[in-house]
Amino acid sequence: QAQSALALVADGLTLAPVLPKLLGMYGAQTYLLLVQNNQELRATGGFISAVGQVAINQGRIEGLEIADSYTVARNDVDHPRSPEPQERYMGIPLVFLRDANWSPDFPTTALLARSLYAQDAGVPVDGVATIDLRAVQLLVGALGPLEVEGADEPVTGVNIVEQVQRFWDQPLETDLTIENAGQEWWKQRKDFMPILAQAALGRLQSGHFNPLALADAAEASLAERAVQVWMVDEDAAERLAALGWDGGLHPLPGADYVTLVDTNMGYNKVNAVLKRAMQVTVTWPDGPAAPALSTVRVTYRHPLVVPGYVCDSSPQYGTTYTDMVERCYFNYVRLYVPGGSELVSVDGVEADSVSSQAGERGTQVFAGYFVQEPGSEHTVIFRYRLPPEITPMAYRLVVQRQSGSGPLPLIVQAGDTRFATTLVEARLEWMPNMQTGGE
């Protein structure tokens, strides 16, 4: 914990010149918090389930308001048109704040979210941050057991996910369930969020917690992109990007680049159990002076067996939270690679869904859509040619793990050199020694 605290302090020195402004020392600052449920995976981490507004003045949190994301929506003003796949496979014609995180590049998403929040809530903000269930686990675990009004036991980092699902099934301090209440249940299904947030804020303000444990949790949350932060202030935004805390796509010039991005389009929580693994193979079949051929194989395993289940992508809650986990996986998969890469083929997706186009931050993005039944394994294979400047003698690879997606088993084979790991943190940079064949 002390090592994590020191690492966080060292990184914090990068932000030191802008911290007074960010902490409201020169005037109150307002920040937008996007609470993402990564059990329903979206590009920047998960479905935006709730929205928070945080006011900071003179280094103190003066206000914290959490609301259901569905309540931040005005129908009397114009909204942007949805990306074509979102409209085609999810039936969403316009972008509201809850579905604003289509881009995996968080600064891009943050700009859109800030604009929509100003329009629909009437509040301009000075920055945008995300937090997902993984970060909640870490931070609640560090703060210690929280007494939450209406909960039948203290909330801890160990039981927080189970408690969230229980609160969703039956809102706090009521007998409402989806089976006996319908619309009334829907209105109260997220009532636990502001109550839990206030319990955590109260513990912070009381000072009765282990600061080293909290620093450890914060450092892990930022390293894993369970928390992402973007600021309007350009100096602060650049410093956050340098630390890797801004959730942005960060390819390196002249290097190979792979980022796998999945978007759950089935209105369900299948990502609570889904497992992914990725293998990257790079060869130079026509010699070292010719463009390399890259093959990326992604394997998805849905471990729950549901006999006779019929896939249905229409929005429906079922009878319990667990019911939304035991469903088919409707996935729009994107692979971000170096700009100038040329797609050869994609296997494992619907033929009419395949696309190749320029992506954010100078990348190229290949995409496709598939449906996976419970209890099955599914493989998607991308084959493409890399730009000619990526040679075996100077080969270097950057892999970024999608926020909210969990640890990613990874195998890389570049020429005769092989490397295997499980990617837990947000980013991996790897440079094999091609001349000796070592790793």
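What you see is a predicted model, and the numbers here were worked out from it, not measured in a lab.
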Who passes side chain to side chain donor-acceptor pair (under 3.5 Å) against Tyr317, sequence neighbours left out?
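Side chain to side chain donor-acceptor pair (under 3.5 Å) list for Tyr317, sorted by chain: Trp186.
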Do Asp169 and Arg189 pass the salt bridge (Lys or Arg N to Asp or Glu O under 4.0 Å) test, and can you show the C-alpha distance, the side-chain angles, and the key distance before you say yes or no?
CA-CA 7 Å; Asp169 284 342; Arg189 75 198 188 287; over 6 Å; no
Looking at side-chain heavy atoms only, is the closest gap between [X] and [Y] below 4.5 Å?
X: Ser221; Y: Arg134; answer: no
X: Pro194; Y: Glu65; answer: no
X: Lys275; Y: Tyr300; answer: no
X: Arg418; Y: Val412; answer: no
X: Leu386; Y: Pro338; answer: yes
X: Leu34; Y: Asn101; answer: no
X: Pro104; Y: Leu249; answer: yes
X: Val136; Y: Ile131; answer: yes

Below 30° counts as parallel, above 60° as perpendicular, anything between as tilted: where do the rings of Phe192 and Phe167 land?
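Rings of Phe192 and Phe167: tilted, 30 to 60°.
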Can a salt bridge be assigned to the pair [X] and [Y] using a cut-off of 4.0 Å between side-chain N and carboxylate O?
X: Asp312; Y: Arg327; value: no
X: Arg225; Y: Glu425; value: no
X: Asp120; Y: Arg74; value: no
X: Lys21; Y: Asp233; value: yes
X: Arg427; Y: Glu429; value: yes
X: Lys269; Y: Glu40; value: yes

Checking Trp230 against Phe106 for the ring pair (Phe, Tyr, Trp, His ring centres under 6.0 Å) test, could you report, in this order, the C-alpha distance in whole Å, the side-chain angles of both residues, the deciding distance, and whether it holds?
CA-CA 8 Å; Trp230 172 85; Phe106 184 63; 7.7 Å; no
Under a 3.5 Å threshold, yes or no: a donor from one side chain and an acceptor from the other, between [X] and [Y]?
X: Gln364; Y: Ser341; value: no
X: Asn331; Y: His378; value: no
X: Thr295; Y: Arg383; value: no
X: Asp256; Y: Tyr395; value: yes
X: Asp352; Y: Tyr369; value: no
X: Arg297; Y: Thr281; value: no

Would the distance check show the side chain of [X] and the main-chain N or O of [Y] forming a donor-acceptor pair, the cut-off being under 3.5 Å?
X: Gln402; Y: Arg42; value: yes
X: Thr14; Y: Arg239; value: no
X: Thr422; Y: Pro409; value: no
X: Thr379; Y: Thr299; value: no
X: Ser403; Y: Thr44; value: yes
X: Asp126; Y: Val232; value: no
X: Gln119; Y: Asp78; value: yes
X: Thr421; Y: Leu423; value: no
X: Asp132; Y: Ala135; value: yes
X: Arg401; Y: Glu224; value: yes

First locate atom [atom1] of [X], then atom [atom2] of [Y], and finally report the distance between them rounded to the nearest 0.5 Å.
X: Leu94; Y: His79; atom1: CG; atom2: NE2; answer: 7.5 Å
X: Leu196; Y: Gln198; atom1: CG; atom2: CD; answer: 10.0 Å
X: Leu274; Y: Asn264; atom1: CG; atom2: CG; answer: 9.0 Å
X: Thr417; Y: Met431; atom1: OG1; atom2: CE; answer: 12.5 Å
X: Glu238; Y: Leu240; atom1: CD; atom2: CG; answer: 10.5 Å
X: Met265; Y: Phe370; atom1: CE; atom2: CZ; answer: 11.5 Å

Residue [X] excluded, over 12 heavy atoms near [atom1] under 6.0 Å:
X: Ile61; atom1: CD1; value: no
X: Glu84; atom1: CD; value: yes
X: Arg385; atom1: CZ; value: no
X: Glu373; atom1: CD; value: no

For Tyr89 and Phe330, what are the C-alpha separation, side-chain angles and deciding distance, and is it a ring pair (Phe, Tyr, Trp, His ring centres under 6.0 Å)?
CA-CA 9 Å; Tyr89 297 111; Phe330 300 84; 9.8 Å; no
Might you work through the side chain to side chain donor-acceptor pair (under 3.5 Å) test for Glu360 and Thr108, ending with a clear yes or no?
CA-CA 8 Å; Glu360 300 89 323; Thr108 300; 5.4 Å; no
Please confirm whether the ring centroid of Phe419 lies under 6.0 Å from the ring centroid of Trp430.
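They qualify: ring centres under 6.0 Å apart.
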With Tyr31 via ring-ring contact (aromatic ring centres under 6.0 Å, His included) - residues at least two apart
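Tyr31 satisfies ring-ring contact (aromatic ring centres under 6.0 Å, His included) with no residue once adjacent residues are dropped.
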Keeping to residues at least two apart or across chains, list the ring-ring contact (aromatic ring centres under 6.0 Å, His included) pairs with something in residues 331-355.
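Sorted result for residues 331-355: Trp102-Tyr332.
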Please list all pairs passing the ring-ring contact (aromatic ring centres under 6.0 Å, His included) test where one or both residues lie in residues 249-277, with sequence neighbours left out.
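Sorted pair list comes back empty.
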Does Thr263 form a side chain to side chain donor-acceptor pair (under 3.5 Å) with Arg334? I'd like the steps, not just the answer.
CA-CA 8 Å; Thr263 298; Arg334 284 174 280 177; 3.2 Å; yes
Qualifying residues under side-chain contact (heavy atoms from CB on, under 4.5 Å), relative to Ala142, sequence neighbours excluded:
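Listed in chain order: Ala213, Leu214, Ala217.
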Excluding sequence neighbours, so at least two apart, what forms side-chain contact (heavy atoms from CB on, under 4.5 Å) with Ala242?
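Ala242: no side-chain contact (heavy atoms from CB on, under 4.5 Å) contacts found.
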So if I apply the side chain to side chain contact (heavy atoms under 4.5 Å, CB included) rule between Leu335 and each of Val365, Val258, Thr363, Val346, which one comes out positive?
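For Leu335, the side chain to side chain contact (heavy atoms under 4.5 Å, CB included) test succeeds with only one of Val365, Val258, Thr363, Val346, which is Val258.
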Would Arg114 count as a cation-pi partner of Tyr117, with NZ or CZ less than 6.0 Å from the six-membered ring centre and within 45° of the ring normal?
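No, Arg114 and Tyr117 do not form such a contact.
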